[in-house]
Amino acid sequence: MNKYRSFSIIYLFIFMALSGCDNYPRDPQGSLKEITNKQLIVGITSDHHPEAVKVAKSFAQSVNAKVRWEEGSEENLFEKLKDNEIHLLLSDLSMDSPWKDQVALTGDEKLIFALPPGENALLMKFENFLYESLGRKQK
Amino acid sequence: MKKLRSFEFPDELKADAKKARRLEWLTVSYLFSTALIVYLTMGNSQSMKTAWFEDLISLTPSVSFLIASRLINKEPNERFPYGYHRVVSIAYLVSSFALFSIGVYLFFDSGMKLIKAEHVTIGSIEIFGERIWLGYLMIVAMLYGTFPALVLGHKKIPLAKKLHDKNLYSDALMNKADWMTALAAILGVIGIGFGIWWADAAAAVVISLDIVHDGFKNLKQSVFDLMDEIPKTVEGGRVEPIIDQIQEILREKEWIEKSSIRIREEGHIFTGEGFVVPKEEEHLLDRIEELTDEIHQLDWKLHHFTLTAVKTISDNGDSSKSRAERG
């Protein structure tokens, strides 16, 4: 029975640890911190959706950041996204893109955005903006 | 010719055998329900596929137990004159192989994640009008993977020892592997939330080593059992005390000059034979029959023991001899 008790203690710790955190989840590479009050680097390809540009601009505004556009091919920009060199990728994307396991994809039927992999604070912030502030439906 | 004892367990153990079956049915339905929860929370991701694969493999010991427990009660017949006891050993082989495979798979899967420095992405989801981090939901779902598995595993160990069921024991180890993996995954998700991308994979690597260790030990033992190794205990793999007890009895008998035995394990039960060189041939048949009965009384697990009177004994393949040499 002792083992069961130590288990409940572990659980208790987990919840204490989690409830005590404001900035949770966090980014391993600190993307959101890098962006806030500074600059959002957006990769953009020639076949992006015009509405996505509006979303990117207003997201930057919501975190008080300027937008720096970086044009390129989708392949090229996906590589940059993987290496955390850009924060957001606008292109003609789909949820079952071959890159889906290597980056973070989010969006609705019409608009799909790609974000750096594992930057969960940034993703959380962006999804919050996309679905709560703009009221889009999550796919 | 005497028939093998047709029952698998003596009356006093029948209730435990029934309890073990109930526990295994419970395990099967529990594992199905965890698979469903994994499916509902993790969506169509790579990690979900891994979790599915694990759930499926971890069903092996409980399913093989249920199949074996149906077969063992069949009477010996012309085709299977030794009965169906060995299905338990086969089930044990299959189960321990499953346990070993899960450990190896988990080791390489999470090891590769570490090497490739894969950063795990966990997004958010809307529940009841609130947007929450999917990580929280995953943690709650995985809590369901820890506690019931822990309790099931602990209930099986004493039963496995009583029933001499190594397959049931390996299923308890599978439950242990399940709850430890789930706990590691919980710690991993929490770590990811703190920005430690490698937390998940590192925790899984540590756990996988423990599973590989358990799996390999039992895989080895199950192969040895099928190779008619001298019977070993369910836990700890020590030589069963019945070997010494039989030898003690044979040594005590005045009319025996020299003796030798060999005993093997067939699932829950033991079978074997003994050879005795009698000092005199008077009452030999009666003595052998009495002695056989006396030895059968030692342990319910000894189902079939044949004594043969011989003129001389060569030392090959004698359980007592090889044990003495090993010290």
Side-chain angles (χ1 to χ4, degrees), chain A residues 1-4 6-8 10-11 13-21 23-33 81-84 95-96 99-107 113-133 135-139, chain B residues 43-50 113 116-127 129-140 142-151 153-155 157 176 179-180 182-201:
Chain A
M1 287 300 128
N2 232 339
K3 233 177 190 161
Y4 300 161
S6 58
F7 246 77
S8 349
I10 292 172
Y11 291 153
F13 263 105
I14 291 170
F15 284 110
M16 270 164 53
L18 293 189
S19 54
C21 297
N23 50 345
Y24 196 90
R26 296 180 201 165
D27 291 331
Q29 312 280 348
S31 293
L32 184 60
K33 256 195 192 146
L81 197 64
K82 250 179 75 183
D83 298 339
N84 265 63
M95 271 313 206
D96 34 50
W99 291 85
K100 71 174 176 190
D101 290 327
Q102 294 176 62
V103 300
L105 294 174
T106 188
F113 299 86
L115 285 88
E119 296 297 279
N120 295 319
L122 172 62
L123 180 63
M124 184 88 196
K125 190 87 178 172
F126 185 73
E127 288 190 334
N128 235 327
F129 177 76
L130 200 60
Y131 305 125
E132 307 303 320
S133 305
R136 301 193 84 99
K137 271 256 173 286
Q138 185 171 14
K139 193 179 179 182
Chain B
N44 190 26
S45 69
Q46 193 57 45
S47 50
M48 186 211 82
K49 279 175 208 149
T50 307
K113 278 183 194 157
K116 287 197 285 187
E118 243 172 57
H119 290 203
V120 182
T121 304
I122 303 174
S124 64
I125 190 171
E126 196 186 293
I127 294 178
E130 279 287 319
R131 179 150 294 272
I132 63 156
W133 189 48
L134 198 55
Y136 293 125
L137 204 66
M138 288 162 85
I139 289 167
V140 172
M142 284 181 298
L143 282 179
Y144 182 65
T146 57
F147 205 73
L150 180 75
V151 175
H154 269 255
K155 285 195 180 241
I157 287 173
K176 181 180 144 206
W179 72 253
M180 289 204 331
L183 186 67
I186 291 172
L187 296 176
V189 170
I190 292 169
I192 287 167
F194 281 112
I196 312 164
W197 63 265
W198 46 265
D200 190 36

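Sequence lines set the chain letters: A, B, ... in the order given, protein chains first and strands last, and positions in each chain run from 1. FYI, side chains are in, hydrogens and waters are out, and symmetry mates aren't considered; it's all heavy atoms of this structure.
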**Request:** Report the distance from atom CD of A/Glu127 to atom CD of B/Glu126, rounding to the nearest 0.5 Å.
**Result:** 11.0 Å
**Asked** Can you check whether A/Tyr131 reaches B/Ile125 side chain to side chain, under 4.5 Å on heavy atoms?
**Response** no
**Asked** Which of the residues A/Leu123, A/Asp96, A/Val103, A/Asp27 is involved in the greatest number of heavy-atom pairs with chain B at under 4.5 angstrom?
**Response** A/Leu123
**CH2 (B/Trp198) with more than 12 external heavy atoms under 6.0 Å** = no
**Complete:** Closest heavy-atom pair, A/Tyr24 versus B/Tyr136, reported as atoms and distance to 0.1 Å, is CD2-OH, 3.3 Å
**Request:** Sort A/Gln102 into side chain, backbone, both or neither according to what part of it lies under 4.5 angstrom from a heavy atom of chain B.
**Result:** neither
**Least distance between heavy atoms, A/Gln138 atom then B/Ser124 atom** = NE2-O, 3.2 Å
**Asked** In Å, rounded to the nearest 0.5 Å, how long is the span from CZ of A/Arg26 to CD1 of B/Ile196?
**Response** 8.5 Å
**Asked** Quick check: does any side chain N or O of B/Glu118 sit under 3.5 Å from a backbone N or O of A/Asp101, one acting as donor and the other as acceptor?
**Response** no
**Asked** Which answer fits B/Ile132, side chain, backbone, both or neither, if we ask what part of it has an atom under 4.5 Å from a heavy atom of chain A?
**Response** backbone
**Prompt:** Of the non-hydrogen atoms in A/Ala104 and B/Thr121, which two are nearest, and what is the gap between them?
**Reply:** CB-CG2, 3.3 Å
